[in-house]
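This report refers to the structure that appears directly beneath it.
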Amino acid sequence: SINEQESHDFYVKVVVTGDSGVGKSNLMSQFTNKGFRLDSKSTIGIEFSKKLLKLDNGTVLAHVWDTAGQERFRSLSATFYRGAKGSLLAYDVTSRQTFINCKTWLKEFRDMADPNAITVLIGNKNDLRHLRAVTVEEGKIFAEQNGLLFLETSALENYNVEEAFKTLLVECTRDMQ
Ligand code: GDP
Ligand code: MG
């Protein structure tokens with residue numbers, strides 16, 4: 001863009017968290033229009049993508065941060081979380097352990113990010129119907145108990161991915177002027 005500063009009304013940093021392998025990088029690349037990658041490699045470090053999104057109350061410039069493999073160490077750096085107004089917390093609907101671990105990821109996010117930050121819980125890989133290990137109901141209950149929004153997605157089929165990010169960004173910009 002010619003002048004990023006003039007092309008948006010809001011700026012928001014959001015992070016994508018959750019266990020390794022749940023589909024974070026593919027959710028992110030679907031949202032930022034790079035498509036699904038079957039052979040996604042994770043590199044060590046931190047990566048972010050930018051996306052401009054038109055919402056009812058204006059245009060938001062989202063910086064979406066991806067863990068780029070660091071989540072394997074079960075914890076992410078302060079730099080990763082600093083200034084984040086929201087998170088997509090993802091699990092894999094075919095892996096109960098990734099769902100159980102959401103509790104730990106949520107705690108870390110709430111300890112490290114803005115205290116008023118928003119989290120959208122994502123049950124990803126809902127295309128793998130025959131392998132499902134976590135019901136939609138269980139996802140909903142965990143979300144309700146922890147004050148989260150909730151959606152199931154498929155990064156593979158590009159189902160609900162834009163909706164998930166949009167839900168998060170609408171909530172994150174609700175109180176901005
Ligand atoms: P990350 O480690 O959380 O970043 O996960 P990746 O995005 O690297 O994905 C891990 C693996 O799951 C890759 O083999 C992807 O192709 C696969 N994957 C990601 N999202 C989906 C999905 O929605 N459905 C299916 N069937 N596979 C997925
Ligand atoms: Mg990744």
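In each ligand, atom 1 is the first atom listed, and ligand 1 is the first ligand listed. Owing to the predicted nature of the structure, the values given are computational and were not obtained by experimental measurement.
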message = Give me each pair satisfying ring-ring contact (aromatic ring centres under 6.0 Å, His included) with a member in residues 120-167, each pair once, sequence neighbours excluded.
response = Phe31-Phe165, Phe99-Phe142

inquiry  = With heavy-atom distances below 4.0 Å as the criterion, list the atoms of ligand 1 near Asp19.
reply    = 3 (O)

inquiry  = Looking only at the side chains, is there a donor atom on one of Asn124 and Thr153 sitting less than 3.5 Å from an acceptor on the other?
reply    = yes

task = Is it possible for you to say whether Ile141 and Leu89 belong to one hydrophobic cluster, with membership spreading through side-chain heavy-atom contacts below 4.5 Å?
result = no

Stepwise side-chain hydrogen bond (donor to acceptor under 3.5 Å, both in side chains) check, Gln97 with Asn101 = CA-CA 6 Å; Gln97 194 57 51; Asn101 290 343; 3.1 Å; yes

query = Does any N, O or S atom of Thr67, backbone or side chain, fall under 2.8 Å from the Mg ion (ligand 2)?
reply = no

request  = Please determine, by modelled atom types, if Thr98 and Asp92 share a side-chain donor-acceptor pair under 3.5 angstrom.
outcome  = no

Nonpolar side-chain network containing Leu131, other nodes, edges under 4.5 Å = Leu128

query = Side chain, backbone, both or neither: which part of Asn26 has a heavy atom under 4.0 Å from ligand 1?
reply = both

task = Considering the heavy atoms of Asp127, write down every atom of ligand 1 situated less than 4.0 Å from one of them.
result = 22 (C), 23 (O), 24 (N), 25 (C), 26 (N)

4.0 Å heavy-atom contact, Asn126 with ligand 1 = no

query = Which of the atoms in ligand 1, numbered in the order shown and given with their element, are less than 4.0 Å from a heavy-atom of Ala155?
reply = 20 (N), 22 (C), 23 (O)

remark   = The atoms of ligand 1 lying under 4.0 Å from a heavy atom of Ser20, numbered in the order shown, are 2 (O)

note = Filtering Lys24, Gln30, Lys125, Glu157 for the heavy atom nearest atom 11 (C) of ligand 1 leaves Lys125

key: Electrostatic pair Lys166-Glu163, nearest N-O below 4.0 angstrom   = no

request  = Could you say whether the N/O atoms of Leu128 and ligand 1 ever approach to under 3.5 Å?
outcome  = no

